[in-house]
Amino acid sequence: MVMGLHLLLLVFILGLGLTPPTLAQNDIRYIKFLNQHYDPKTKNGNDKYCEKMMKLRDMISPCKGINTFIHGNKASIKAICGNQNGEPYNGNQRISKSAFQVTICKHIGESPRPPCRYRATAGFRNIVIACENGLPVHLDESIFRP
């Protein structure tokens with residue numbers, strides 16, 4: 001029994017060692033992207049929403065100047081990195097073919113220290129992202145769609 005556990009542990013450790021470092025790094029960047037920009041639960045954020053989410057997502061020390069929350073599903077956002085929902089834009093970035101519901105939170109306080117006050121702008125936007133290995137890792141901007 002102990003020999004079997006040691007063998008299982010050895011296989012697990014070898015598997016970790018064989019994982020390409022860039023893949024693990026991209027996963028971390030993708031998780032950070034989701035933490036900063038993804039909120040599928042809300043559809044129309046207001047000022048209180050921005051203040052709550054910026055605090056909840058740990059972006060208030062110092063107060064982040066501007067942040068966009070995307071209210072869509074992960075599959076649609078990931079699809080921007082491919083041809084299903086994205087196309088090349090401005091060098092190595094991708095722009096979504098479809099508009100996403102977003103809330104843009106802009107810092108309106110005088111001080112960069114908490115408490116942070118934000119003004120919300122909600123609407124539909126095409127979003128511009130940077131991708132690595134098929135995963136969104138940076139939100140560059142959102143573009144109003146008439």
Side-chain angles (χ1 to χ4, degrees), residues 5 7-109 111-146:
L5 289 175
L7 184 59
L8 184 62
L9 182 61
L10 179 63
V11 170
F12 176 73
I13 290 171
L14 285 174
L16 287 177
L18 297 175
T19 302
T22 54
L23 185 58
Q25 182 182 8
N26 287 339
D27 288 345
I28 291 168
R29 291 187 70 195
Y30 173 61
I31 291 166
K32 182 178 179 184
F33 171 88
L34 292 176
N35 182 60
Q36 288 186 341
H37 301 295
Y38 177 65
D39 179 25
K41 297 176 185 160
T42 303
K43 295 296 177 211
N44 206 5
N46 57 24
D47 296 352
K48 292 286 183 200
Y49 164 83
C50 283
E51 290 168 11
K52 175 185 166 192
M53 289 300 289
M54 295 299 283
K55 185 175 183 179
L56 183 67
R57 302 289 176 95
D58 199 25
M59 292 186 276
I60 60 163
S61 188
C63 303
K64 186 173 180 182
I66 191 165
N67 192 70
T68 301
F69 290 101
I70 306 165
H71 312 298
N73 67 57
K74 287 183 200 176
S76 296
I77 297 168
K78 276 187 187 178
I80 299 168
C81 293
N83 293 327
Q84 307 94 317
N85 193 22
E87 51 192 35
Y89 181 82
N90 197 19
N92 64 347
Q93 297 176 321
R94 310 275 302 167
I95 186 167
S96 63
K97 291 180 183 177
S98 62
F100 286 83
Q101 192 158 13
V102 300
T103 301
I104 301 169
C105 302
K106 186 171 183 180
H107 181 245
I108 58 170
S111 171
R113 294 187 310 251
C116 304
R117 293 183 48 232
Y118 287 92
R119 174 81 14 93
T121 304
F124 287 87
R125 306 283 192 271
N126 289 69
I127 58 176
V128 176
I129 61 174
C131 301
E132 289 181 6
N133 293 332
L135 295 173
V137 295
H138 173 74
L139 178 66
D140 190 58
E141 61 182 289
S142 56
I143 300 170
F144 176 71
R145 184 173 200 172

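Values below: every heavy atom of this structure, side chains too, minus hydrogens, waters and symmetry copies.
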Side-chain contact test, heavy atoms from C-beta onward, threshold under 4.5 Å: evaluate it for Arg57 versus Asn67 and give yes or no.
-> no
Is any side-chain heavy atom of Ile129 closer than 4.5 Å to a side-chain heavy atom of Cys81?
-> yes
Rounded distance [0.5 Å steps], OH in Tyr38 versus CG in Leu139 | 14.5 Å
Hey, could you give me the OG/CZ distance between Ser61 and Arg113, rounded to the nearest 0.5 Å?
-> 10.5 Å
Tightest non-hydrogen contact, residues Lys97 and Gly86, listed as CE-O, 3.4 Å
What's the spacing between Ile60 CD1 and Met54 CE if we round to 0.5 Å?
-> 8.5 Å
In short, side chain to side chain donor-acceptor pair (under 3.5 Å) pairs touching residues 46-56 with sequence neighbours left out are Asp39-Tyr49, Asp47-Arg119
For residues Phe33 and Ile77, determine if any side-chain heavy atom of one lies less than 4.5 Å from a side-chain heavy atom of the other.
-> yes
CE (Met59) and NE2 (His107) are apart, to the nearest 0.5 Å, by 13.0 Å
Close side-chain approach of Phe100 to Thr68, heavy-atom, < 4.5 Å = no
Is the backbone N or O of Ile80 less than 3.5 Å from a side-chain atom of Ser96, with the two atoms forming a donor-acceptor pair by type?
-> no
Are Val128 and Asn90 close enough that some pair of their side-chain heavy atoms sits under 4.5 Å apart?
-> no
For Ala120 and Cys50 the tightest heavy-atom approach is CB-SG, 3.5 Å
Evaluate whether atom CZ of Arg117 has more than 12 neighbouring non-hydrogen atoms of other residues, nucleotides or ligands under 6.0 angstrom away.
-> no
Taking Tyr118 for its side chain and Lys64 for its backbone only, find out whether a donor-acceptor pair lies under 3.5 Å.
-> yes
So, does His71 use its side chain to make a donor-acceptor pair with the main chain of Thr42 at under 3.5 Å?
-> yes
One should read off an interatomic distance between Asn35 CG and Ile31 CD1, to the nearest 0.5 angstrom, of 9.5 Å
Can you see which heavy atom on Thr103 is nearest to which on Gly45, and at what distance?
-> OG1-N, 3.1 Å
Residue pairs, two or more places apart or on separate chains, that pass side chain to side chain donor-acceptor pair (under 3.5 Å) and touch residues 77-88 = Asn83-Arg94, Asn85-Ser98
How about Lys106 and Thr121: do any of their side-chain heavy atoms sit closer than 4.5 Å?
-> no
Nearest heavy-atom neighbours spanning Tyr30 and Pro136 = CD1-O, 3.3 Å
Between Cys63 and Ser111, is any pair of side-chain heavy atoms under 4.5 Å apart?
-> no
For Lys32, all residues meeting side-chain contact (heavy atoms from CB on, under 4.5 Å), sequence neighbours excluded = Gln36
